[in-house]
Amino acid sequence: MSKRALSVTRDANFPEWYQAVVRDGDMAETSPVRGCMIIKPWGWGVWERIQADLDARIKDTGHENCYFPLFIPMSFIAKEAEHVEGFAKEMAVVTHHRLKNDGGKLVVDPDAKLEEPLIVRPTSETIIGDAFQRWVKSYRDLPLLINQWANVVRWEMRTRLFLRTAEFLWQEGHTAHADRDDAVAETLKMLEVYRTFAEDVLAMPVIAGEKPANERFPGADNTYSIEAMMQDGKALQAGTSHYLGTHFAEAQNIQFQNQQGQLTHCHTTSWGVSTRLIGGVIMTHGDDDGLRLPPMIAPRQIVIVPMLREKPEDAELIEYCNSIEKELKAAGIRTLVDLKPVKSAEKRWNWVRRGAPVIVEVGGRDASGGNVTFMRRDRLRDGDKVISSTMARTEFVAGAAALLKDIQAALFAEAKARLDGNINTNFTTFEQLSDYFGPGESEDEGGAFKGWVRVPWSRPEGEALEKIADRLKALKLTIRNAPLVQEAATGKCFFTGEPAKEHVLIARAY
RNA sequence: CGGAGCGUAGCGCAGCCUGGUAGCGCACUUGCUUCGGGAGCAAGGGGUCGGAGGUUCGAAUCCUCUCGCUCCGACCA
């Protein structure tokens, strides 16, 4: 049996496998600062691809980018009651502005205390709202459609690279509208942007839907999400879009004069996706040999590894590879000839672990025959055997763009089949649900693939919903969302027995 | 912040119980031989054993405190 490129398999230990992919795929590493990550060049390249593509989509829908400060006056965050409640426990706070040398020891200067502490933004509703309050005067100023790419900090108890870090990178859209309909339409429009982006670019199928009341963003009237199914069957909330009603507008005095001359509060929205998407890509597409990147976000789509032998004929081989690279680049394909003075076999496996979509290996015989030998990362093996194909370089170059498209589509199809095939709709009683998922206490049980469950419900709120959430929590389950696209619900609510209004998805989640 | 486990070379670990001055595999460096594919042999380099204090002639090993990490809970994009 030939060995795998990683030391852990998904089946043996999914969390450990995830860490191995992140590390051995050169994506990121932990930092000296607790809970924060160092994103390495390959991982950063993926983020740059995500940014570039999504940014274009955000601009295409009429939004403009800008930038607000990292620090927010503490009083700002206190303005919206639910918002404070939701974020207060995880704030990084700046209280001083100077250090001093105290007998050879560097200490915080107690004389340099800030009059008002600054918090490091966990999200920017409050500071952007403060600007909106000044920017919006008239109905002619609306809608106000703003986005920013930024880092935010939430002092999480437990962190995992990309999935949950104390500092993470994201984009946050903030918009203000004249009325509810316009704001809700915006909220749903951006959810749809996220859905198509996740599916078309990340090849990550998701289900877009509305969060139950208990999972709403602090201060939102409605929260929508896209949810993706990871290879261990758990759900990952991959993006959110919030209709904030007039809560923030009222708290921050964001008002405009309408056409009738009346002073009216705006309806606002916010929406965001983060570096967590990269974690989603890893857990959607990775295999036991490492990462498999969808071509659209791979920093290098085709990597050419010349089989160098430290002999004079190497020069000719390098020239051959360079000329192929030139042709591929001309076709708009991100290509690299890996000339690092490392053994070819090692370079191959490094690119396998990094998930380069196509790895081309060129030896002397290929070169003299005008051929290339290549591997598709999405179909690396037949059983344990590595699959490689040889074809004429002209044919390869001519078909390269189509090959990448095919890989992109194959990765999506594979993930889509997993999502579609693992939503159980047969449960009718809580006992069945409980028996199926078990208490989920042991790691073994937690590790087994369970997938999701879809049940009809009556959309309870308040105390009734809390009770349901508690019962689910005992099984480590949560309601993910009520899919926007679903057939009409008939019969009784799975939880309350009252007439059902819609279906919701239940799953274990990250 | 509660429960459990773990910090020894870049990575993975042994040594600790029964104190005697640090070792294995991979990786790294050099040489030779190999090489249509994750090679073999040989010779090397690298560690104040997480930190501080204590016991002792002597501490990776025993004691106390402390910091950090991982997993499980609570919290969350």
Side-chain angles (χ1 to χ4, degrees), chain A residues 2-8 13-16 18-20 23-24 29-35 85-91 122-123 151-172 194 211 214-218 223 225-228 235-242 270-280 289 305-311 317 342-353 359 361-369 371-373 375 384-386 388 390 439-447 473-474 476 478 509-510:
Chain A
S2 70
K3 59 180 174 175
R4 297 280 158 173
L6 297 181
S7 53
V8 210
N13 188 329
F14 198 82
E16 247 178 61
Y18 175 80
Q19 290 193 8
R23 186 184 63 239
D24 296 344
E29 57 188 36
T30 53
S31 76
V33 182
R34 185 195 137 74
E85 177 75 15
F87 284 105
K89 283 174 287 183
E90 50 187 38
M91 297 291 197
T123 179
N151 56 340
V152 290
V153 169
R154 298 178 190 178
W155 215 258
E156 300 288 351
M157 293 290 113
R158 228 178 100 205
T159 57
R160 299 180 73 180
L161 292 177
F162 290 117
L163 296 175
R164 183 174 303 111
T165 45
E167 177 192 22
F168 58 94
L169 306 179
W170 74 349
Q171 59 69 218
E172 46 180 326
Y194 288 157
K211 287 281 189 189
N214 62 321
E215 302 271 352
R216 274 179 201 145
F217 176 79
T223 288
S225 71
I226 52 170
E227 303 281 334
L236 182 77
Q237 180 170 302
T240 48
S241 187
H242 316 290
S270 67
W271 28 273
V273 297
S274 70
T275 35
R276 169 179 266 198
L277 286 176
I278 296 175
D289 288 301
V305 179
M307 312 310 273
L308 303 175
R309 306 183 63 180
E310 296 181 329
K311 289 187 177 163
L317 192 55
V342 171
K343 270 187 224 155
S344 314
E346 191 171 324
K347 286 196 277 194
R348 171 215 276 204
W349 289 106
N350 284 339
W351 287 114
V352 165
R353 279 183 278 265
I359 301 164
E361 294 181 327
V362 180
R365 217 176 295 160
D366 291 313
S368 57
N371 294 324
V372 296
T373 301
M375 289 164 289
D384 283 327
K385 204 169 158 276
V386 172
S388 68
T390 300
E441 276 163 357
S442 79
E443 282 167 50
D444 299 339
E445 265 180 308
K473 198 185 221 171
K476 289 186 174 179
T478 49
Y510 278 95

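All figures in this text were calculated on a predicted structure; none of them were measured in a lab. Throughout, a chain's letter reflects where its sequence line sits, starting with A, and its residues are numbered from 1.
A/T373 pairs by the side-chain hydrogen bond (donor to acceptor under 3.5 Å, both in side chains) definition with A/D366, A/T390, not counting sequence neighbours. In this structure, A/T165 has no side-chain hydrogen bond (donor to acceptor under 3.5 Å, both in side chains) partners at least two apart in sequence or on a different chain. Applying the side-chain hydrogen bond (donor to acceptor under 3.5 Å, both in side chains) criterion to A/N350, with sequence neighbours excluded, gives A/R353. Remark: A/S344 engages A/V305, A/M307 in a side-chain contact (heavy atoms from CB on, under 4.5 Å) (not counting sequence neighbours). Taking the salt bridge (charged side-chain N to carboxylate O under 4.0 Å, His left out) definition, one finds that A/E172 meets it with nothing, sequence neighbours left out.
Residue A/Q19 has a polar side-chain atom (N or O) positioned under 4.0 Å from OP1 or OP2 of B/C71.
On the C1' atoms, B/C49 is 4 Å away from B/U8, given to the nearest whole Å. Comparing the P positions of B/C26 and B/C41 gives an interatomic distance of 9 Å, to the nearest angstrom.
In this entry B/U29 has B/A43 as its Watson-Crick or G-U wobble partner, both defining distances falling under 3.5 Å. Base-pair partner of B/C1: B/G73 (Watson-Crick or G-U wobble, both distances under 3.5 Å).
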Considering only nitrogen or oxygen atoms on both sides, find all protein atoms under 3.5 Å from nucleotides 74-76 of chain B and state each distance.
residue	atom	partner	partner atom	Å
B/C75	OP1	A/K473	NZ	3.1
B/C75	OP2	A/K473	NZ	3.3
B/C75	O2	A/E156	OE1	3.3
B/C76	O2'	A/E156	OE2	3.0
B/C76	O2	A/R164	NE	2.0
B/C76	O2	A/R164	NH2	2.7
B/C76	N3	A/R164	NE	3.2
B/C76	N3	A/R164	NH2	2.3

Each nucleotide N or O in nucleotides 39-45 of chain B that has a protein N or O under 3.5 Å away: list the pair and distance.
residue	atom	partner	partner atom	Å
B/A39	N7	A/K343	NZ	3.4

N/O donor to acceptor pairs below 3.5 angstrom from side-chain atoms of residues 271-278 of chain A, sequence neighbours left out:
residue	atom	partner	partner atom	Å
A/W271	NE1	A/E186	OE2	3.4
A/W271	NE1	A/T269	OG1	3.3
A/S274	OG	A/R276	N	3.0
A/T275	OG1	A/L169	N	3.4
A/T275	OG1	A/L169	O	3.4
A/R276	NE	A/L163	O	3.0
A/R276	NH1	A/Q237	O	3.2
A/R276	NH2	A/L163	O	3.2

List the atom pairs, donor and acceptor, that lie under 3.5 Å between side-chain atoms in residues 151-159 of chain A and the rest of the protein, sequence neighbours left out.
residue	atom	partner	partner atom	Å
A/N151	OD1	A/R121	NH2	2.8
A/N151	ND2	A/E167	OE2	2.8
A/R154	NE	A/P122	O	2.8
A/R154	NH2	A/P122	O	2.8

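Among the protein residues, A/R23 comes within range of no part of the nucleic acid, since none of its heavy atoms lies under 4.0 Å from any strand. Counting non-hydrogen atoms under 4.0 angstrom, A/T123 reaches nothing in the nucleic acid.
Ranked by how close their nearest RNA chain B nucleotide is to the 5' end, A/T159 and A/T275 are led by A/T159.
What you find for A/D289 and A/A5 is that their closest heavy atoms are OD1-N, 2.9 Å.
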